[in-house]
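Here is the structure we will look at, set down as structure tokens.
Keep in mind that this is a model prediction, so the values were computed, not measured.
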Amino acid sequence: MKQYQRKEGQFLLKLSVAQGQFVDMSGYYGADCNADCNRASQAMRPSQTLNETVNLLQ
């Protein structure tokens, strides 16, 4: 939790920058998940700093 608190400003900045950006998901539902799941995952979790902190909590 302390790591999150130290980097909270970075998280908020990266999340606000990512909002509103177009992401090509290769179709409305991304029918071929084997090819596009990584792309969707990256689009939904744009902050590497936040991802590392969340992964530590799991």
Side-chain angles (χ1 to χ4, degrees):
M1 193 61 164
K2 289 181 183 180
Q3 183 175 358
Y4 173 82
Q5 291 171 334
R6 285 194 310 258
K7 296 183 178 183
E8 183 177 10
Q10 291 177 18
F11 302 152
L12 295 175
L13 176 63
K14 289 181 181 185
L15 292 174
S16 67
V17 168
Q19 290 181 12
Q21 293 182 1
F22 175 78
V23 177
D24 179 11
M25 301 306 291
S26 298
Y28 188 75
Y29 290 105
D32 185 8
C33 188
N34 290 330
D36 295 327
C37 282
N38 189 41
R39 188 181 303 180
S41 178
Q42 290 176 354
M44 296 301 290
R45 297 182 70 186
S47 171
Q48 185 63 33
T49 306
L50 179 58
N51 296 339
E52 291 169 358
T53 302
V54 169
N55 290 339
L56 288 174
L57 298 174
Q58 295 178 351

In this structure, OG1 of T53 is separated from CD of E8 (nearest 0.5 Å) by 11.0 Å
Side chain to side chain contact (heavy atoms under 4.5 Å, CB included) partners for E52, two or more places apart: Q48
V17: hydrophobic cluster co-members (side-chain, 4.5 Å): L13
Using the side-chain hydrogen bond (donor to acceptor under 3.5 Å, both in side chains) criterion, which residues pair with K7? Sequence neighbours excluded. none
Could you state the interatomic distance from CG (N55) to CZ (R45), rounded to the nearest 0.5 Å? 5.0 Å
